[in-house]
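Report on the following structure.
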Amino acid sequence: MTDQPHIHPVAAQLLDRSHRLGADPRNTNYAGGNTSAKGSAPDPVTGDDVELMWVKGSGGDLGTLTAGGLAALRVDRLRALTRVYPGVAREDEMVAAFDYCLHGKGGAAPSIDTAMHGLVDAPHVDHLHPDSGIALACAADGEKLTAECFGDTVIWVPWRRPGFQLGLDIAAVKEAHPRAIGCVLGGHGITAWGATSEECERNSLHIIRTAETFLAERGAPEPFGPVQPGYEPLPEAERRARAAALAPLIRGLASTDRRQVGHYTDSGPVLDFLSRAEHPRLAALGTSCPDHFLRTKVRPLVLDLPAGAPLERVRERLAELHTAYREEYRAYYARHASPDSPAMRGADPAIVLVPGVGMFSFGKDKQTARVAGEFYLNAINVMRGAEAVSSYAPIEESEKFRIEYWELEEAKLRRMPAPKALASRVALVTGAGSGIGRAIAHRLVAEGACVVVADLNTESAKVVADELGGADKAVAVSVDVTDEDQIKDAFDAAALAFGGVDLVVNNAGISISRPLLETTARDWDLQHSIMARGSFLVSREAARVMTDQGFGGDLVYIASKNAVFAGPNNVAYSATKADQAHQVRLLAAELGGLGIRVNGVNPDGVVRGSGIFAGGWGAERAAVYGVEEEKLGEFYAQRTILKREVLPEHVANAVFALTGGELSHTTGLHVPVDAGVAAAFLR
């Protein structure tokens, strides 16, 4: 229950109902639909009670709705708008008029559906997008099926774009049908109402569950047709290996106009849909519910090859289909755009379907990409329901365009904050489970990147990934950078989680401080294996992925001031850091033609929070310099020009400076982060 005493009791009931409805994906999709409640409250100016309506504001999600996500409006003023309504041709003007109906500061921005809630003569109203309801709404004979399913208790409302007129239409339906508890909105969803919050919720669930039962009992057993031989799902291991191999290429194609983050799913309903004979026809029809195609675009890109087709042929065909998709999308825009239409936002697909493998979805960040995939899964469920009892008949293409390029949607996009510097970037950081790597991962996520937290210590990696915000921000992978197979697995995991990788930080390291005569061959080999060989292996795999994506990338080596400074009793560590430093120069020269920039950071004396120093290196270096271990950071600071201790966050700042866009023409550079060590100045 919502326990916020400063919230009006009616608004608190609304939040509770919204959370229950939004918690079940059968009831509505993410951020889909809206709910409202009406009640009285004193006018702070007159002291008289006035009728108010609380309604979910623009862009909110029912399952996570808070009081701040509600718009509060005066019902009398909202209904008075009917006297100045200029008609369907100018109904968009009414959205700005809602601002004059707000109570006090009004809360969240009112959505386009506000009229539906305010004009319907019921204290409580739910507008939802359940798959079962949309299946009836998108069936060729949806009106007839709605009557068969509900009789005269749920009324069919023909398709109309969301707006003031739809609110008037639904209000008229309720007035003309006193026994009705709600309606099915053609091509769109459902609306229900009730005298109490409990009754409204009960009516919403009755419509949804009754439609589910109707579709199940009346539906044909194979609505998508028989299985196409050769299009069956590949075995899981083979399927996911192929998905990882294809993901960077597909992400590159989907990022032709602007860089995107990817999401992959091989859920059962998706694989079944792609295995069936009717999937090409249905996919070409596109989605219908406005919430669906605003996120999935008008239709997906569908690979027209069987699951076992040779990988190279699949790659070639995807590139061909992508070219055709872009041409078709531009033609779609040209067919329907008017002189005052917003500019085309991009011609790349948001959904790519690969039979036998699954679905790849794309968006400006991981959450957007994941939600786009969830919406297409909703669309598959809608198609299944509609085809089971009738035939799938989405709204006309021209209507889809009117909504996709609606000026109100464009205005919503303009209100969004500017993207952060690393938005849509995917980073993989080795040794990210502690110290410098952890600080780098935190900084990259704070700047908008998704991060693969790679570490030998699986539990540490998981802890950091959780700190960063979970799967929409970061994933943890266990990797030994001396093992080629584990490195490939880490990049495969990145491809399946985010579509690929375009920023890699070679940070994994170890150090053993000993004089030359006490340094064993194992000491030497271990440090070179992890840092020199490991960085080489990670960079090689990164270059493969970045080449597939085709839009360049960044490699950053966390080297050391010891790469150029000859300190005592440190031959193995310093030599391998020098190796890393020269890898930066070599790879900057080799990979620049691919748009891949390679730079390095040379820290010194990062004691606090460092996994290396905590693992014995600190005690060894303290013994070399004759200081107490707990004062080693102070010692390092005092020998610098600036007399400042270097912390992991300072190294993370340098990584961001190299990758955040301001140094876009810089490659082959080493940035000292050592508070000034003259002997380590680069020459």
Side-chain angles (χ1 to χ4, degrees), residues 239-256 258-264 311-312 314-316 318-319 322 348 352 354 357-358 360-362 365-366 369 422 424-432 440-441 444 449-454 474-481 483-508 533-557 583-584 586-588 590-599 655 659 667:
R239 182 169 74 237
R240 295 183 74 80
R242 177 159 285 213
L246 291 174
L249 169 73
I250 297 174
R251 181 183 179 220
L253 295 174
S255 300
T256 299
R258 60 184 60 87
R259 194 185 310 239
Q260 302 284 289
V261 175
H263 175 73
Y264 165 72
L311 188 60
E312 280 309 306
V314 170
R315 294 166 64 88
E316 292 170 0
L318 283 168
H322 177 254
D348 296 317
V352 177
V354 180
V357 176
F360 301 84
S361 54
F362 297 92
D365 52 34
K366 171 65 176 186
L422 296 180
S424 301
R425 300 284 295 277
V426 180
L428 184 148
V429 183
T430 66
I440 292 170
L444 297 181
C450 300
V451 173
V452 179
V453 180
V475 296
V477 297
S478 176
V479 60
D480 179 346
V481 296
D483 187 311
E484 294 181 68
D485 291 337
Q486 289 192 37
I487 291 170
K488 184 179 185 309
D489 288 346
F491 278 87
D492 284 355
L496 295 177
F498 302 119
V501 172
D502 40 34
L503 195 170
V504 170
V505 182
N506 276 310
N507 171 72
R533 183 175 184 271
S535 295
F536 149 69
L537 293 175
V538 169
S539 295
R540 187 180 67 181
E541 195 62 33
R544 288 172 177 161
V545 172
M546 292 176 188
T547 300
D548 272 355
Q549 290 174 156
F551 46 69
D554 281 287
L555 295 176
V556 180
Y557 280 62
Q583 284 186 41
V584 168
L586 292 166
L587 296 185
E590 180 175 343
L591 301 177
L594 299 172
I596 301 172
R597 303 183 313 121
V598 189
N599 293 291
V655 172
T659 60
T667 192

Quiz item: Testing Met546, Lys488, Glu484 for side-chain contact (heavy atoms from CB on, under 4.5 Å) with Glu541, which one passes?
Solution: Lys488

Self-check item: Test log, rule side chain to side chain contact (heavy atoms under 4.5 Å, CB included), inputs Val538 and Val504
Solution: CA-CA 8 Å; Val538 169; Val504 170; 3.6 Å; yes

Quiz item: So which heavy atom on Ala454 is nearest to which on Val479, and how close?
Solution: CB-CG1, 3.5 Å

Quiz prompt | Closest non-hydrogen atom pair between Val357 and Ala243, with its separation | solution = CG1-CB, 3.7 Å

Quiz prompt | Residue pair Leu555, Leu591: steps toward the side chain to side chain contact (heavy atoms under 4.5 Å, CB included) verdict | solution = CA-CA 10 Å; Leu555 295 176; Leu591 301 177; 3.9 Å; yes

Exercise. Taking the side chain as every heavy atom from C-beta outward, state whether Leu318 and Leu246 have any atom pair closer than 4.5 Å.
Key: yes

Practice problem: Hey, could you give me the CZ/OG distance between Phe551 and Ser255, rounded to the nearest 0.5 Å? | Solution: 4.5 Å

Quiz prompt | Residues that Asp480 engages under side chain to side chain donor-acceptor pair (under 3.5 Å), provided they are two or more places apart | solution = Thr482

Quiz item: Ignoring hydrogens and geometry, is there a side-chain-to-backbone donor-acceptor pair from Lys366 to Ala474 under 3.5 Å?
Solution: no

Quiz prompt | Nearest heavy-atom neighbours spanning Asn506 and Gly534 | solution = OD1-O, 4.4 Å

Quiz item: Any idea which heavy atoms bring Val477 and Ala490 closest together, and the distance?
Solution: CG2-CB, 4.0 Å

Exercise. Determine the minimum heavy-atom distance between Ala495 and Ala247, stating which atoms define it.
Key: O-CB, 3.6 Å

Self-check item: Partners meeting side chain to side chain donor-acceptor pair (under 3.5 Å) with Arg242 (sequence neighbours left out)
Solution: none

Quiz item: Any side-chain heavy atom of Leu444 within less than 4.5 Å of one from Leu503?
Solution: yes

Quiz prompt | Which residues share a salt bridge (charged side-chain N to carboxylate O under 4.0 Å, His left out) with Glu316, sequence neighbours left out | solution = Arg313

Quiz item: How would you list, by chain and number, every residue that makes a side chain to side chain donor-acceptor pair (under 3.5 Å) with Arg258, sequence neighbours excluded?
Solution: none

Quiz item: Atom CG of Leu537 and atom CG of Asp483: how far apart are they, to the nearest 0.5 Å?
Solution: 9.0 Å

Practice problem: Check side chain to side chain donor-acceptor pair (under 3.5 Å) between Asp554 and all other residues, then give those that pass, not counting sequence neighbours. | Solution: Arg425, Arg597

Practice problem: Show your working on side chain to side chain contact (heavy atoms under 4.5 Å, CB included) between Asp365 and Cys450 and close with a plain yes or no. | Solution: CA-CA 8 Å; Asp365 52 34; Cys450 300; 5.6 Å; no

Practice problem: State which residues pass ring pair (Phe, Tyr, Trp, His ring centres under 6.0 Å) with Tyr264; sequence neighbours excluded, sorted by chain then number. | Solution: Phe360

Quiz item: Is there a side chain to side chain contact (heavy atoms under 4.5 Å, CB included) between Val505 and Val655 once you walk through the steps?
Solution: CA-CA 8 Å; Val505 182; Val655 172; 4.1 Å; yes

Quiz item: Who passes side-chain contact (heavy atoms from CB on, under 4.5 Å) against Ala494, sequence neighbours left out?
Solution: Val452, Val501

Exercise. Under the ring pair (Phe, Tyr, Trp, His ring centres under 6.0 Å) rule, collect the residues that match up with Phe498, sequence neighbours excluded.
Key: none

Quiz prompt | salt bridge (Lys or Arg N to Asp or Glu O under 4.0 Å) pairs, two or more places apart, involving residues 246-255 | solution = Arg251-Asp502

Quiz item: What residues form a side-chain contact (heavy atoms from CB on, under 4.5 Å) with Ser424, not counting sequence neighbours?
Solution: Arg259, Val261, Lys364

Quiz item: Closest heavy-atom contact between Leu253 and Asp348?
Solution: O-OD1, 3.3 Å

Quiz item: Is the side chain of Asn507 donor-acceptor paired with the backbone N or O of Thr430 at a distance under 3.5 Å, no angle test?
Solution: yes

Self-check item: Thr667 side chain to Asn599 side chain, donor-acceptor N/O pair below 3.5 angstrom
Solution: no

Quiz item: Nearest 0.5 Å, what's the CZ-CD distance between Phe536 and Gln583?
Solution: 8.0 Å

Quiz item: side-chain contact (heavy atoms from CB on, under 4.5 Å) with Ala254: which residues, sequence neighbours excluded?
Solution: Phe362

Practice problem: Rounded to the nearest 0.5 Å, what's the gap from OG on Ser539 to CD on Glu590? Could you check? | Solution: 10.5 Å

Quiz prompt | Asp548: partners by side-chain contact (heavy atoms from CB on, under 4.5 Å), with sequence neighbours left out | solution = Pro248, Arg315

Quiz item: Going by heavy atoms in the side chains, are Leu496 and Arg240 under 4.5 Å from each other?
Solution: yes

